[in-house]
There are 2 protein chains.
Amino acid sequence: MVTLKQLAEQLNVSVSTVSKALHNSEEISKDTIQRVQELAKHLDYQPNRMALSLKSNKTKTLGVIIPNVLNHFFAKALYAIEMEATKQGYNLITCVSNELLSKEMSSLQLLSNGSVDGFIMSIAEETQVKNSMDHITTILKKDIPVVLFDRVAEDIECDKVIIDDFGASYEATKHLLSEGRKYIVLVSEIEELSVGKLRTNGYLKAFEENIDYKQPPIVIHVNKDNDVEASIKNLFMSNPKVDGILSIDNTSGVVALHKALKKGFKVPEDLSIIGFSDENVLVFTDPKLSTISQHTMDIGKATVELLIDRLNKKNTTTHVTKTIKTNLILRGTTK
Amino acid sequence: MVTLKQLAEQLNVSVSTVSKALHNSEEISKDTIQRVQELAKHLDYQPNRMALSLKSNKTKTLGVIIPNVLNHFFAKALYAIEMEATKQGYNLITCVSNELLSKEMSSLQLLSNGSVDGFIMSIAEETQVKNSMDHITTILKKDIPVVLFDRVAEDIECDKVIIDDFGASYEATKHLLSEGRKYIVLVSEIEELSVGKLRTNGYLKAFEENIDYKQPPIVIHVNKDNDVEASIKNLFMSNPKVDGILSIDNTSGVVALHKALKKGFKVPEDLSIIGFSDENVLVFTDPKLSTISQHTMDIGKATVELLIDRLNKKNTTTHVTKTIKTNLILRGTTK
DNA sequence: GTGAAAGCGCTAACAA
DNA sequence: TTGTTAGCGCTTTCAC
């Protein structure tokens, strides 16, 4: 890498002159500025990032910790975060916690050595289950800002970006009820997660309000580690009268659709299905799955905006929670 | 952040003593070492990353540039890279080129200012189409190592990790022929890519060798931007006698299976299908799709190993190309 | 056994 | 208009 010193030597001026010239300082003569800038361009000079960071105490880098890149939601969030960060002149150091508390702790710990200006993260499953949040509050105490998204924790005081998980599944359930469905089952792969609980509660709430006829709510927990397909098949065996399915995770809605069709259900005549999936699964479904759209791009963008805002005015103490709207998009699997 | 200076002041010793003590230097008395280390631990001292990098001219950070995180293959590769890098004490700065040459250029350019020790990348589609590789050779000339994977370029001299794309689809086609299939169609969403061309050639080669009966090869190009499903439907319309499909991308094999079943084909009795997909789509298929497995985890791991090797002995000039084995995994869509 | 000083590449206050 | 100096946080050589 070319350094200021090298430029200075070649031009027989001092390092500070070169530095100022490159910044178009008023102090420096037009002539010198030109000579310096020409040589800099010619030698493809780039200011050393580490020196800049050391001096300014800013890295222009954000740490992103997500539970799982193979989950389409997080991949898309990462994509959105990367887009927005790049736009704002920030780089991303990405870590995958793999749903593990230990990995989350070490990532946070290791990157808090001046590697990043702040963190964007969604909490690992294990962390949520154990409700062990000290590693996050520790970072906050060091005055390194954190923005949580999607999987957040009530008792951590920081900026957050969430969707209205409760409201989204409440609305979806309402819709199924309004179709006249009498036997609506909720399928969840994510019961352990904050968002899973909220979505389940939305479903239950809609039932409570459903005074006309009293179907008991039915919640099917699918263990990710076990066979999703087997659980879904089992659902149809145990609940032959099912006429509505609300899937609150990425994949089980699609699987339910396939199994239902295979079993001879007419969709949406006999059975409605609503999923929490992204559009990426639509190519695999026919009829097209009706979904709750989470506007993941907006979520990612908002996290970066909040974090950079916070970085620019660290003094403020009030934290904001931004709720990104969801949409119930009715396609071919609802009436 | 706590600094050496602060520790030194609190302990009334010099900064260099503290530094040495933290490194368990022989020069320093046991007593001092203990006092220093205790205080360091107590105050949660961490050496400033930027200062370390500036001093050592090493960042312990790798730049990863992938075309698209939403593509499961690249997400998985990123996952593998992250795992291995973490294991080896490296961080990742991740950029998504979005298949754009311009983004790829700027990422490479911006990160070559001392932000990373080297790059791992897979070439953007636009870059491959325009065969414009100067931005990469420029980096190499600056003595920053680059490891290319999957989508590589012949004429760039650097370490590479690939799969035997040609051989993989050659074998798959051979398998279909050995099943006695007489009308085998290749479906490609990725004709523009190096890997797409190789895979297509493997298919064509198998046909050339197929002297017994002469079915002309049929290659269907699916334009990603258009409707994959429509193209597949069209395939069945135009080729009603099709009895074998080789899909050389992530998704079209799954779509083909769904459409075939819907059209009344018996799979695998009437029709065999082989895809290049990862296991993640299997949950959406019934029967289970037979696939060519790319061992993406191994690919990611290999890229990191090669890059770190290169970093540790920069002198070596010979570059290696590592080929990761593929497997044809026969499941429910082949006889 | 400990400390002073130099230097990594840069910026900025101050001096000339 | 240009140069000198100090300092960001750290390591390391050399002196004491």
Side-chain angles (χ1 to χ4, degrees), chain A residues 1-37 39-40 43-61 89 110-117 142-144, chain B residues 1-37 39-40 43-61 89 110-117 142-144:
Chain A
M1 276 200 53
V2 184
T3 66
L4 285 191
K5 200 176 170 186
Q6 293 171 29
L7 297 183
E9 277 166 8
Q10 284 212 33
L11 294 167
N12 276 316
V13 293
S14 75
V15 170
S16 57
T17 301
V18 176
S19 173
K20 287 171 188 162
L22 288 172
H23 291 94
N24 289 308
S25 162
E26 305 270 288
E27 296 177 19
I28 307 293
S29 70
K30 291 248 174 269
D31 177 56
T32 310
I33 290 186
Q34 204 192 332
R35 284 172 54 227
V36 170
Q37 296 197 350
L39 184 65
L43 297 183
D44 193 20
Y45 167 79
Q46 286 182 277
N48 181 300
R49 176 74 164 277
M50 297 305 150
L52 249 28
S53 294
L54 183 58
K55 189 104 240 282
S56 66
N57 210 17
K58 289 189 172 64
T59 62
K60 284 283 187 174
T61 301
L110 288 172
L111 292 183
S112 64
N113 63 354
S115 292
V116 301
D117 293 336
K142 288 188 188 173
D143 229 33
I144 304 176
Chain B
M1 278 200 49
V2 184
T3 65
L4 284 190
K5 201 176 169 186
Q6 293 171 30
L7 296 183
E9 277 165 10
Q10 284 211 35
L11 293 167
N12 277 316
V13 293
S14 74
V15 170
S16 53
T17 302
V18 176
S19 173
K20 288 170 188 163
L22 288 173
H23 290 95
N24 289 308
S25 162
E26 304 270 289
E27 297 178 19
I28 308 294
S29 70
K30 291 249 174 265
D31 178 57
T32 310
I33 289 187
Q34 203 191 332
R35 285 172 55 228
V36 169
Q37 296 197 350
L39 185 65
L43 296 184
D44 193 20
Y45 166 80
Q46 288 182 274
N48 182 301
R49 176 75 165 277
M50 297 304 149
L52 249 28
S53 294
L54 184 57
K55 189 102 239 282
S56 66
N57 209 16
K58 289 191 172 63
T59 63
K60 283 282 187 177
T61 302
L110 288 171
L111 292 183
S112 63
N113 64 353
S115 292
V116 301
D117 293 337
K142 288 188 187 173
D143 228 32
I144 304 176

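All heavy atoms count here, side chains included; hydrogens, waters and symmetry mates do not. Every chain is numbered from 1, with letters handed out A, B, ... down the list of sequences. The model shown is predicted, which means the values in this text are computed figures rather than measured ones.
Side-chain N or O atoms of Asp44(B) include none that pairs as donor or acceptor with a backbone N or O of Gln46(B) at under 3.5 Å.
Atom NZ of Lys142(A) has more than 12 neighbouring heavy atoms from other residues, nucleotides or ligands inside a 6.0 Å radius.
Defining each end axis of the helix from dG1(C)-dC16(D) to dA16(C)-dT1(D) as the rotation carrying four pairs' C1' atoms onto the next four, with five pairs an end, the two axes are found to diverge by 60° to 10 degrees.
By the side chain to side chain donor-acceptor pair (under 3.5 Å) test, Asn24(A) is found to be paired with Gln37(A), residues two or more places apart in sequence or in another chain being considered. By the side chain to side chain donor-acceptor pair (under 3.5 Å) test, Asp117(A) pairs with Thr59(A), sequence neighbours left out.
Put simply, the residue from Ile33(B), Val18(B), Leu22(B) that forms a side chain to side chain contact (heavy atoms under 4.5 Å, CB included) with Ile28(B) is Ile33(B). The side chain to side chain contact (heavy atoms under 4.5 Å, CB included) test with Leu7(B) is passed by exactly one of Val2(B), Thr17(B), Val13(B), Val15(B): Val2(B).
Closest non-hydrogen pair, Lys60(B) versus Arg49(B), comes out as O-NH2, 3.2 Å. Here the closest non-hydrogen pair linking Leu110(B) and Ser115(B) is O-OG, 4.3 Å. Minimum heavy-atom separation, Thr3(B) to Tyr45(B): C-CE1, 3.9 Å.
Here chain B contacts DNA chain C (any atom closer than 4.0 Å to a heavy atom, that is under 4.0 Å), and the contacts span dG1(C) to dG9(C) from 5' to 3'. The outermost nucleotides of DNA chain D lying under 4.0 Å from heavy atoms of chain A, listed 5' to 3', are dT1(D) to dG9(D).
Comparing Tyr45(A) and Ile33(B) against DNA chain C, the residue whose closest nucleotide sits nearer the 5' end is Ile33(B). Heavy-atom nearest nucleotides on DNA chain C were determined for Ala51(B) and for Arg35(B), and the one closer to the 5' end corresponds to Arg35(B).
Ser53(B) comes within contact range of no nucleotide atom at all, as no heavy-atom separation falls under 4.0 Å. Nucleic acid contact for Leu52(B): sugar-phosphate only, since backbone atoms but no base atoms lie under 4.0 Å from a heavy atom of the residue.
Distance CZ/Arg35(B) to CG/Asn12(B): 8.0 Å, rounded to 0.5 Å. Atom CD1 of residue Ile144(B) and atom CE of residue Met1(A) lie 8.0 Å apart, to the nearest 0.5 angstrom.
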Where do Leu43(B) and Gln6(B) land on the side-chain contact (heavy atoms from CB on, under 4.5 Å) test, with the steps shown first? CA-CA 10 Å; Leu43(B) 296 184; Gln6(B) 293 171 30; 5.9 Å; no
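Side-chain atoms of Lys30(B) and Gln34(B), non-hydrogen and from C-beta on, never get closer than 4.5 Å to each other.
Within residues 12-22 of chain A, the residues having any heavy atom closer than 4.0 Å to DNA chain C are, in order of number, Val15(A), Ser16(A), Ser19(A), Lys20(A).
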